[in-house]
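This report refers to the structure that appears directly beneath it.
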Amino acid sequence: MATPMMPPGGNPNMDGNPQLPPTPGTDMTGICFRDQLWLNSYPLDRNLVFDYFALSPFYDFSCNNEQLRMQQIHPLDISHLQKMSGIEFSLSEVMEPHLFVIKKQKREAERVTPMLTYYVLDGSIYQAPQLANVFAARIGRALYHISKAFTTAASKSEKIGYVDGENESTGTEAKVVKETIDFKEVKRIDHILGALQRKLQPAPPPPPYPEGYVPPTSEADKGPENPEAAEPQPPPLDPIIDQGPSKRMKYN
């Protein structure tokens, strides 16, 4: 029984049918393709790298390169690709045998619109992320670290402020406590002195002046011209205190 012929350059699956093209707009930057059996059988150079790329899920079977392959023409022949319109792959950068850069683009006559970029690095095929996604990822990572740094700085500042606040509150409390203690001490002393004064007997009258002694008088002490009109002045509350401690009488 004859084996059915496969399309040249096709990538058959388990049912013997060509591989379905990937869904348009699908982000495939998170996957990697590598066929070690093919790499062990064929050299990876600029002539065969496209056949190796056609085995990957990144390949689009509706491209112009596939039509050239079916016509037994090299799929990267630029002279034929320039005469076609539609999606095509082109080999832009080559560093044999380590790096190959393949671009997917849409051609309309002489106008070419880039779509996606793939690269083969040491036999592994990747889809290169778009520049906007790279910038978004880098900016997001930078903002994350900046936000984390500000959060750490704010937490440390709050901790320092809390400690300073504790120190200030402690100092304020110490001052308040100190003032309160002094005020209580003053009240306590006043209370003791008042209690002692209430326990003492009333002070005796002052002793008489010596003979021939005339107490000094001032203008304020002088009475009115009419002595009869003068009203008697009340005696001082504590004549002993007024006379000074040296004139106090001693009691045995």
Side-chain angles (χ1 to χ4, degrees), residues 6-70 74-78 80-82 84-149 151:
M6 303 301 301
N11 185 17
N13 56 14
M14 297 298 294
D15 298 331
N17 298 322
Q19 180 183 357
L20 295 177
T23 303
T26 303
D27 185 9
M28 305 179 71
T29 55
I31 66 174
C32 168
F33 175 82
R34 184 180 181 87
D35 191 341
Q36 192 61 42
L37 182 61
W38 192 97
L39 294 173
N40 294 336
S41 303
Y42 303 97
L44 191 60
D45 55 19
R46 66 181 64 226
N47 295 321
L48 297 178
V49 66
F50 192 83
D51 294 334
Y52 180 59
F53 178 76
L55 301 176
S56 69
F58 308 110
Y59 186 65
D60 187 354
F61 282 90
S62 63
C63 63
N64 298 334
N65 308 84
E66 183 65 21
Q67 297 181 21
L68 295 179
R69 293 181 70 189
M70 297 180 66
H74 195 281
L76 297 178
D77 192 342
I78 190 64
H80 288 79
L81 291 174
Q82 290 179 348
M84 305 173 69
S85 298
I87 297 175
E88 67 179 26
F89 293 93
S90 65
L91 187 63
S92 60
E93 301 290 339
V94 176
M95 294 179 59
E96 295 179 343
H98 303 291
L99 178 63
F100 302 88
V101 179
I102 300 176
K103 291 185 177 181
K104 183 179 181 179
Q105 54 195 13
K106 185 176 183 181
R107 179 180 293 275
E108 297 177 358
E110 297 181 356
R111 181 180 177 183
V112 178
T113 304
M115 298 177 61
L116 295 172
T117 303
Y118 307 90
Y119 59 96
V120 184
L121 180 62
D122 291 332
S124 299
I125 306 177
Y126 306 88
Q127 176 182 339
Q130 296 185 4
L131 190 60
N133 297 336
V134 174
F135 286 159
R138 296 294 177 87
I139 293 174
R141 184 178 301 177
L143 291 177
Y144 168 75
H145 290 293
I146 293 174
S147 177
K148 186 176 180 181
T151 303

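Both backbone and side-chain heavy atoms feed into the values below; hydrogens, waters and symmetry mates do not.
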**Message:** Working to the nearest 0.5 angstrom, can you tell me the gap between Thr117 OG1 and Ile102 CD1?
**Reply:** 10.5 Å
**Derivation of the side-chain contact (heavy atoms from CB on, under 4.5 Å) call for Tyr52 and Phe50** = CA-CA 5 Å; Tyr52 180 59; Phe50 192 83; over 6 Å; no
Expected output: side-chain [X] to main-chain [Y] donor-acceptor under 3.5 Å:
X: Tyr126; Y: Met28; value: no
X: Thr151; Y: Ser147; value: yes
X: Asn133; Y: Ala136; value: no
X: Arg34; Y: Asp122; value: yes

For residues 86-96, run the donor-acceptor check on the side chains, cut-off 3.5 Å, and write out each pair with its distance to 0.1 Å, sequence neighbours left out.
| unit_1 | atom_1 | unit_2 | atom_2 | d |
| --- | --- | --- | --- | --- |
| Glu88 | OE1 | Arg107 | NE | 3.0 |
| Glu88 | OE2 | Gln105 | NE2 | 2.8 |
| Glu88 | OE2 | Arg107 | NE | 3.1 |
| Glu88 | OE2 | Arg107 | NH2 | 2.9 |
| Ser92 | OG | Val101 | O | 3.3 |
| Glu96 | OE2 | Arg46 | N | 3.0 |
| Glu96 | OE2 | Arg46 | NE | 3.1 |

**Message:** For Tyr118, give me all partners under ring-ring contact (aromatic ring centres under 6.0 Å, His included), at least two apart in sequence or on another chain.
**Reply:**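 Result, ring-ring contact (aromatic ring centres under 6.0 Å, His included) vs Tyr118: Phe53, Phe58.
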**Asked** Residues two or more places apart in sequence or in another chain: which of them pass ring-ring contact (aromatic ring centres under 6.0 Å, His included) with Tyr42?
**Response** Trp38
[X] vs [Y] side-chain heavy atoms within contact, under 4.5 Å:
X: Asn65; Y: Leu76; answer: yes
X: Pro43; Y: Leu48; answer: yes
X: Cys32; Y: Ile125; answer: no
X: Leu44; Y: His98; answer: no

**Asked** Does a side chain donor of either His80 or Asp77 reach within less than 3.5 Å of an acceptor in the other side chain?
**Response**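 Judged by distance alone, the side chains do pair up.
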